Amino acid sequence: MANETIPEITLNDGYKMAAIQFGTFQIRGGQGLQQTMAAIKDGYRGLDTATNYDNEGMVGEAIRRSGIPRSEFFVTSKLPGKYHRYDEATKAIQESLYRLGLDYFDLYLIHWPLPKRDHYVEAFQAMIDAQKRGLIRSIGVSNFEPEHLDRLIKETGFTPAVNQIEVHPYWNNERMLKEDQQRGIVTEAWSPLGRGSAALKEPLIQELAKKYNKNVGQIILRWHTQRGIIPVPRSSNLVHQRANKDIFDFKLTGDEISAINGLSKPDGRVDGQDPNSYEEFE
């Protein structure tokens, strides 16, 4: 299957990425390879991995085995916190590419800002320099707050293309979505369905699923895309993988989007990870 059913979003650097990406968190090994290859067969071309997921090799192998040209894929990976210093970041980018067996990343993100350690600016500078050498096309961040974004922009003169943050019905993160939009940054959502199944059981979402003849996951993912967010759902279930991208043939109303936004909770984060204090595991 081709990629024609998935619209594309244009980033602030002119590159385009699919409006839904395939997340590979906790998808690893031979089983993960089969699941990722099935997703590719179903039309996914945006593949989201990270050094901390310990599966970059599997993702690269899935691309090679697919028989589809590298140029059709949009591959994202992420820099772990232990490699934020400039020289370490430079090597980590190269090592990630070696593991994947690729010549360049379509998108490369700083996984967490780790402001207590305060090396994210030099990590970003290493990514800018790697971009100049052709190793990265689009540069972005993940879990960055407004003050982190502004410092990057001020000190490097470069605005990230993407900020991948936690967004789901119990944590709508409207605040950061607006902050990203004000800076011309596209928002991506990790854990777009939440972890666990609580949001999927919400009566409001179940009612909308009946109204539109979709499943509850499709309603939530459409809620993301209509807000201008690129969701990165992870699923090892082949039926769910297929359904997750079949969301562009209907539209929620503005009131319905607002109603789902209203499910957000002050303590809604899945793991309570506050980017200002969260210390990424080594």
Side-chain angles (χ1 to χ4, degrees), residues 17-18 20-40 42 44-66 70 73-84 88-89 91-102 104-114 120 123 126-127 130 135-144 160 162-168 188-196 230-238 240-241 244 269-273 275 278-282:
M17 67 186 292
I20 186 167
Q21 302 280 303
F22 180 70
T24 65
F25 178 61
Q26 294 178 334
I27 295 179
R28 296 165 60 197
Q31 189 177 31
L33 176 64
Q34 297 306 316
Q35 292 160 355
T36 303
M37 288 181 68
I40 292 169
D42 272 338
Y44 287 96
R45 295 294 178 267
L47 305 177
D48 182 276
T49 180
T51 297
N52 278 352
Y53 298 172
D54 292 326
N55 68 359
E56 287 172 317
M58 177 278 290
V59 171
E61 184 66 13
I63 291 169
R64 280 187 294 280
R65 289 199 193 182
S66 73
R70 161 68 181 99
F73 288 95
F74 190 99
V75 181
T76 301
S77 195
K78 309 178 192 79
L79 179 75
K82 62 183 175 181
Y83 297 136
H84 275 198
E88 291 293 316
K91 292 171 188 168
I93 292 162
Q94 295 165 354
E95 284 290 344
S96 272
L97 288 170
Y98 294 147
R99 281 191 294 273
L100 280 149
L102 301 177
Y104 66 92
F105 290 112
D106 296 278
L107 178 63
Y108 196 74
L109 312 175
I110 299 177
H111 209 152
W112 287 90
L114 309 179
Y120 62 86
M127 290 158 58
L135 302 182
I136 303 171
R137 290 194 168 172
S138 296
I139 297 172
V141 294
S142 185
N143 304 298
F144 272 51
V162 168
N163 188 12
Q164 186 180 118
I165 58 175
E166 179 176 354
V167 189
H168 47 79
E188 264 192 296
W190 59 262
S191 272
L193 303 174
R195 287 196 193 139
I230 298 176
V232 187
R234 171 195 67 84
S235 180
S236 54
N237 180 301
L238 306 189
H240 291 167
Q241 286 178 3
N244 285 348
R269 286 186 169 113
V270 290
D271 290 321
Q273 295 168 323
Y278 177 65
E279 285 289 297
E280 187 180 7
F281 295 110
E282 294 292 2

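For clarity, every value in this text was computed on a predicted model and none was experimentally measured.
When atom types are taken as modelled, the side chain of R45 and the backbone of I40 share a donor-acceptor pair closer than 3.5 angstrom. Between the side chain of K78 and the backbone N or O of T49, at least one donor-acceptor pair lies under 3.5 Å. Of the possible polar contacts, none joining the N52 side chain to the P80 backbone as a donor-acceptor pair under 3.5 Å is found. S191 places no side-chain N or O within 3.5 Å of a backbone atom of E166 that could act as its donor or acceptor partner. Between the side chain of D42 and the main chain of Q241, no donor-acceptor pair closer than 3.5 Å is present.
Residues F73 and S66 approach most closely at CZ-OG, 3.6 Å, considering heavy atoms. Heavy-atom minimum distance, G101 versus R64: CA-NH1, 3.7 Å. Heavy atoms only, all atoms of each residue included: L238 and A38 are closest at CD2-CB, 3.5 Å. I93 and M127 make their closest contact through CD1-CG, 3.9 Å (heavy atoms, listed as atom of the first residue, atom of the second, distance). Residue S235 comes nearest to N244 through the heavy atom pair CB-ND2, 4.1 Å, listed as atom of the first residue, atom of the second, then distance. Shown here for P160 and G140, the closest heavy-atom pair between the two residues is CB-CA, 4.0 Å.
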**Report entry** Criterion side-chain contact (heavy atoms from CB on, under 4.5 Å) on D106 and M17, from CA distance to verdict
**Finding:** CA-CA 9 Å; D106 296 278; M17 67 186 292; over 6 Å; no
Requested in this report: Please assess L114 against Y120 for the test side-chain contact (heavy atoms from CB on, under 4.5 Å), listing each intermediate value before the final yes or no.
Outcome: CA-CA 7 Å; L114 309 179; Y120 62 86; over 6 Å; no
Query raised in the report: Passes side-chain contact (heavy atoms from CB on, under 4.5 Å), Y53 versus H111? Steps please.
Result: CA-CA 11 Å; Y53 298 172; H111 209 152; 3.9 Å; yes
Query raised in the report: Can you check side-chain contact (heavy atoms from CB on, under 4.5 Å) on H84 and I110, steps first, answer last?
Result: CA-CA 8 Å; H84 275 198; I110 299 177; 3.5 Å; yes
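Rounding to the nearest 0.5 Å places OG of S142 at 9.0 Å from CD1 of I165. Note: Q31 CD to S236 OG = 7.0 Å, rounded to the nearest 0.5 Å. Atom CH2 in W190 sits 12.0 Å away from atom CG in D48 (nearest 0.5 Å). Atoms CE and CG, on M58 and L47 in that order, are 8.5 Å from each other to the nearest 0.5 Å. Within the model, atoms OG1 of T24 and CG of D54 stand 10.5 Å from one another, a figure rounded to the nearest 0.5 Å. Atom CZ of F25 is separated from atom CD1 of I27 by 10.5 Å, given to the nearest 0.5 angstrom.
Ring orientation note: the planes of F22 and Y44 are tilted relative to one another, at an angle of 30° to 60°.
By the 4.5 Å heavy-atom criterion applied to side chains, I20 and P233 are counted as neighbours. Looking at L97 and F105, their side chains come closer than 4.5 Å, going by heavy atoms from C-beta outward.
The number of heavy-atom neighbours closer than 6.0 Å to CD of Q94, taken from other residues, nucleotides and ligands shown, is above 12.
A cation-pi contact, defined as under 6.0 Å to the ring centre and within 45° of the axis, links R70 to Y104.
S96 and E56 are linked by a side-chain donor-acceptor pair at a separation below 3.5 angstrom, with hydrogens and angles left out of the test.
Salt bridge annotation for K91-E95: absent, with no cationic side-chain nitrogen under 4.0 angstrom from a carboxylate oxygen.
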